2 protein chains.
Amino acid sequence: MKNDSLSQKNTTRPTHHLPHLTRNQQAVLAVLRQQSDALSAQELYGVLREQQAIGLATVYRALETLKLQGLVQSRSGTNGEALHSPIEQDRHYLTCLHCGQSFLLDHCPVHDLAVQVHLSVPFKIYYHTLEFFGLCEPCTHQRS
Amino acid sequence: MKNDSLSQKNTTRPTHHLPHLTRNQQAVLAVLRQQSDALSAQELYGVLREQQAIGLATVYRALETLKLQGLVQSRSGTNGEALHSPIEQDRHYLTCLHCGQSFLLDHCPVHDLAVQVHLSVPFKIYYHTLEFFGLCEPCTHQRS
DNA sequence: GGTATTATGAGAATGATTATCATTCGCTTA
DNA sequence: TAAGCGAATGATAATCATTCTCATAATACC
Ligand SMILES: [Mn+2]
Ligand SMILES: [Mn+2]
Ligand SMILES: [Zn+2]
Ligand SMILES: [Zn+2]
């Protein structure tokens, strides 16, 4: 019962340099990666609970850890809650101030420049957020 | 008593096209314009109360109106609260995920591109938000 | 093993933003 | 100038995402 190959109790194989991810942190990352779009912590919590037992506080803590690790990025949703997604994702939106609708931008204008960003201070950039606000066509008409 | 030059009871001179601003909305805009950096609704509320009587709800409603009017812009602060500033302002930051410190970018990389943004849908852009996240020099060292 | 350290969860606490709703204001019209 | 009416206001309650507490469990380290 020591050498059992069943119990994958090992949360992570003790590599050396990077802080390892716990079972929960891995689960959070896995869910984010299999989702097509960003999730709020609450939504993430809901999805995770269908697969395993986990506390809400743990989800929040995992997200924080994953961000520090450069594995996850977050942006603020229209309603204020934070939306999380794997660091690979590079999407941005146009959001209407009147109806709240968001339109996905077909290309990130910053991605290229990112590196060129003239920094006055040494800083290691992990990701960026970019969003445009204004009025969608229909809303420019409506009064009020 | 009609031509009194004292009572500036007129909230706005009835121009024609744009919806006029109420006294309170003007006050909110005025404060934002005289501030060097973005303010949260709560801070704005505090400043305003020193000058006049106004309700917190009104501050929130004024900000919403001013945004629809293209006079004010908002972004999300690190702690979640929304920060507001006059539309003219075009500042962006580098924010450290570890210590939370923010560094003002000396130049907006998007401003130029803004117009070029390839839109798949007709949309009238009022403003944009842009922020970089990562680790500041000191924080890249510290363990944890 | 045996202890020090970190992670976890349940639930309370916090705090910004919204929703209510009764009252007041401002403009139009008679 | 007075009455009418819809928008604006403000005090307050309600929401709700996120954080904090603290006792317990898991894991690392020797
Ligand atoms: Mn991008
Ligand atoms: Mn800009
Ligand atoms: Zn719209
Ligand atoms: Zn830092």
Side-chain angles (χ1 to χ4, degrees), chain A residues 2 7-29 38-46 48-49 51-69 72 74-84 97 100 143-144, chain B residues 1-2 7-16 18-29 38-46 48-49 51-69 72 74-84 97 100 143-144:
Chain A
K2 268 61 194 112
S7 73
Q8 303 153 296
K9 54 169 57 173
N10 58 83
T11 62
T12 48
R13 232 57 61 62
T15 314
H16 280 295
H17 306 113
L18 298 175
H20 308 127
L21 298 180
T22 67
R23 178 174 20 268
N24 284 327
Q25 293 163 350
Q26 289 184 51
V28 167
L29 182 57
L39 291 180
S40 69
Q42 305 279 346
E43 296 173 317
L44 198 46
Y45 176 60
L48 284 164
R49 299 213 81 171
Q51 323 178 332
Q52 62 173 285
I54 189 174
L56 177 58
T58 300
V59 174
Y60 277 98
R61 285 186 285 235
L63 287 170
E64 190 187 335
T65 297
L66 293 171
K67 281 203 289 185
L68 256 348
Q69 227 72 180
V72 164
S74 308
R75 66 186 173 88
S76 293
T78 312
N79 31 330
E81 21 65 79
L83 299 178
H84 316 271
L97 294 169
R143 278 284 141 260
S144 159
Chain B
M1 50 303 299
K2 268 66 197 103
S7 72
Q8 303 154 296
K9 53 169 57 173
N10 57 82
T11 61
T12 48
R13 232 57 61 59
T15 313
H16 280 296
L18 299 175
H20 309 126
L21 298 180
T22 67
R23 179 175 18 266
N24 283 327
Q25 293 163 351
Q26 288 184 52
V28 167
L29 182 57
L39 291 180
S40 69
Q42 306 279 345
E43 297 174 316
L44 199 45
Y45 175 59
L48 283 165
R49 299 213 80 172
Q51 323 177 331
Q52 61 173 283
I54 190 173
L56 177 58
T58 300
V59 174
Y60 277 98
R61 285 186 286 235
L63 287 170
E64 190 187 335
T65 297
L66 293 171
K67 280 203 290 185
L68 256 347
Q69 227 72 175
V72 164
S74 309
R75 66 186 175 88
S76 294
T78 313
N79 32 330
E81 22 64 78
L83 300 178
H84 316 272
L97 294 169
R143 278 283 142 259
S144 158

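No hydrogens, no waters, no symmetry mates; every other heavy atom, side chains included, goes into these values. Predicted, not measured: the structure shown is a model, and the values here were computed from it. Chain letters run A, B, ... following the sequence lines, proteins first and then strands; every chain starts at 1.
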Practice item. Give the minimum heavy-atom separation between A:A62 and A:V28, together with the two atoms involved. Key: CB-CG2, 3.8 Å
Exercise for review: Rounded to the nearest angstrom, tell me the gap between atom OH in B:Y60 and atom P in C:dT20.
Suggested key: 17 Å
**Study point:** Atom-to-atom span, CG of A:L21 to P of C:dT6 - whole angstrom
**Key:** 16 Å
Review point. Among C:dT18, C:dG9, C:dT20, which nucleotide sits nearest the side chain of A:I54?
Key: C:dG9
Revision key, fill the gap. Picking from C:dC25, D:dT9, D:dT18, the nucleotide nearest the side-chain atoms of A:Q42 would be D:dT18
Revision key, fill the gap. B:L63 CG to C:dA16 P, in whole Å, measures 14 Å
Exercise for review: Please report, rounded to the nearest Å, how far the P atom of D:dA14 is from the CG atom of B:L56.
Suggested key: 17 Å
Exercise for review: Could you check how far OH of A:Y45 sits from C1' of D:dC16, rounded to whole Å?
Suggested key: 15 Å
Revision key, fill the gap. Taking D:dA17, D:dA8, D:dG10 as options, the one with an atom nearest any side-chain atom of A:E81 is D:dA17
Point to revise | Phosphate-side-chain proximity, A:T22 and D:dA26, N/O vs OP1/OP2 below 4.0 Å | key: no
Point to revise | Atom pair distance, as rounded to whole Å: CG in A:L39 and C1' in D:dA17 | key: 15 Å
Check your understanding: With sugar-phosphate meaning primed atoms plus P, OP1 and OP2, does B:N24 contact a base, only sugar-phosphate, or nothing at under 4.0 Å between heavy atoms?
Key -> sugar-phosphate
Review point. Which nucleotide in the set C:dA10, C:dT8, D:dA11 lies at the smallest distance from any side-chain heavy atom of A:A57?
Key: C:dA10
Study note, to complete from the structure: Taking for B:T58 and for A:S40 the nucleotide of DNA chain D with the nearest heavy atom, the one nearer the 5' end belongs to B:T58
Check your understanding: Looking only at heavy atoms, what is the nearest atom pair of A:S40 and A:E81, with distance?
Key -> CB-OE1, 4.1 Å
Check your understanding: Could one point to a donor on the side chain of B:R23 or the base of C:dG26 with an acceptor on the other under 3.5 Å away?
Key -> no
Study note, to complete from the structure: Separation of C:dT17 atom P from B:L44 atom CG, nearest Å, is 11 Å
Exercise for review: For a side-chain contact (heavy atoms from CB on, under 4.5 Å) with A:V72, tell me which candidate from A:E64, A:K67, A:Q25 qualifies.
Suggested key: A:K67
Review point. Between C:dT18 atom P and A:N79 atom CG, what is the distance in whole Å?
Key: 9 Å
